[in-house]
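Everything below concerns the one structure shown next.
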Amino acid sequence: MQTLRRKDILGLEEMSAEEITLILETARSMREIMQRHIKKVPTLRGRSMINLFYEPSTRTKASFELAQKYMSSDPINVAGTSSSLVKGETLKDTVRNLEMMNIDCVVMRHPVSGSAHYLARNVEISVVNAGDGMHEHPTQGLLDMFTILDKKGRLEKLKVTIVGDIRHSRVARSNIWGLKKMGAEVVVSGPTTLMPPDMEDFEIRFEPSLDDAIEGADVVMALRLQKERQEGGLFPTLREYAELYGLNSRRVEKANEDALIMHPGPINRGIEISSELADGPRSVVLDQVTSGVAVRMAILYLLLGGTKEE
Ligand code: CP
């Protein structure tokens, strides 16, 4: 049985192309399980997991829980707002207490960048990062790559244009690291004020003109404006943002005819992307959601599959 030779899934910056390939290949088998009439395999029977969400989530939380249930594990959900965090308990104390209940894994979303790494250093159980601040959202990057691979048959040498709030987006960071490792060309576009200060570390092309960035793209990915993480004054108004950087059918005419249109969700319709495009024939936005369950099943299987003794 193949496993990931690591305790945690924290980000794609630290993951090798071989590991990414193993996860994407495993996810294909997992999607087959999802499509069965009875979506249940005993693979993780007896394994217990805590889903600890300190920020809102629809897709990530639901898909992790479904993935855990499809593989017969026992998930427990703990929401930050109803946990002992509000009584002043630290993250480390919370998880060390939960660890003493003999759980096998914690899936955590947290508003602070680096919180998943911090936790992983302080507990013995596996930590899966479900999004930490502005840092990484590795399972989203993996599910996006899985969707592209499924539709295009490859990742290598594809031109992927990512548009919008790169600076505050953990989705952008995970996609950039992952796609580059898999041989894709990544171009980013958006207001200069929404570009990360450390952009040269990524070694990607920044194209301020959206039309130029989209020219010849195989994939065009719009990002959500991370209003909860932005300080004020980064762009004049939402209307102007939409005019300059919102994706619509006219704008994506410059992309390749068979270009995929992506968005990680949740979508602010009419701002980041028009409804016509988001719901149109080239959109794979809902396929991304389906991929999320398969990829999360693959990750949990590869991290925790087999017996504890093994
Ligand atoms: N894409 C994503 O992370 O969505 P949620 O915030 O709904 O989980």
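Atoms within a ligand are numbered from 1 in the order they appear, just like the ligands themselves.
Using a non-hydrogen distance threshold of 4.0 Å, R109 registers as a contact of ligand 1. Contact analysis puts H137 in contact with ligand 1, with a non-hydrogen atom separation below 4.0 angstrom.
Under the 3.5 Å distance criterion, with hydrogens and angles disregarded, a donor-acceptor pair is assigned to the side chains of T237 and E240. Between the side chains of R109 and H137, at least one donor N or O lies within less than 3.5 Å of an accepting N or O. A donor-acceptor pair shorter than 3.5 Å cannot be found between the side chains of Q68 and S73.
Counting atoms of ligand 1 from 1 in the listed order, those under 4.0 Å from a heavy atom of T60 are 2 (C), 3 (O), 4 (O), 5 (P), 8 (O). Within ligand 1, counting atoms from 1 as listed, the ones closer than 4.0 Å to a heavy atom of P264 are 1 (N). Those atoms of ligand 1 that come under 4.0 Å of a heavy atom in G265, given as number and element, are 1 (N), 2 (C), 4 (O). Each of the following atoms of ligand 1 lies closer than 4.0 Å to a heavy atom of T58: 5 (P), 7 (O), 8 (O).
Checked by distance only, ligand 1 and P266 stay at 3.5 Å or farther apart across all their nitrogen or oxygen atoms. At least one N or O atom of S57 sits closer than 3.5 Å to an N or O atom of ligand 1.
Residues L24 and L142 approach most closely at CD2-O, 3.5 Å, considering heavy atoms. The heavy-atom pair separating D104 from G46 by the smallest distance is OD2-O, 4.1 Å.
The only option from E136, H135, E13 that meets the side-chain hydrogen bond (donor to acceptor under 3.5 Å, both in side chains) definition with S174 turns out to be E136.
R121 has no carboxylate O lying under 4.0 Å from a charged side-chain N of D8, or vice versa, which leaves the two without a salt bridge.
For atom 4 (O) of ligand 1, the closest non-hydrogen atom of the protein is R59 NE, 3.0 Å.
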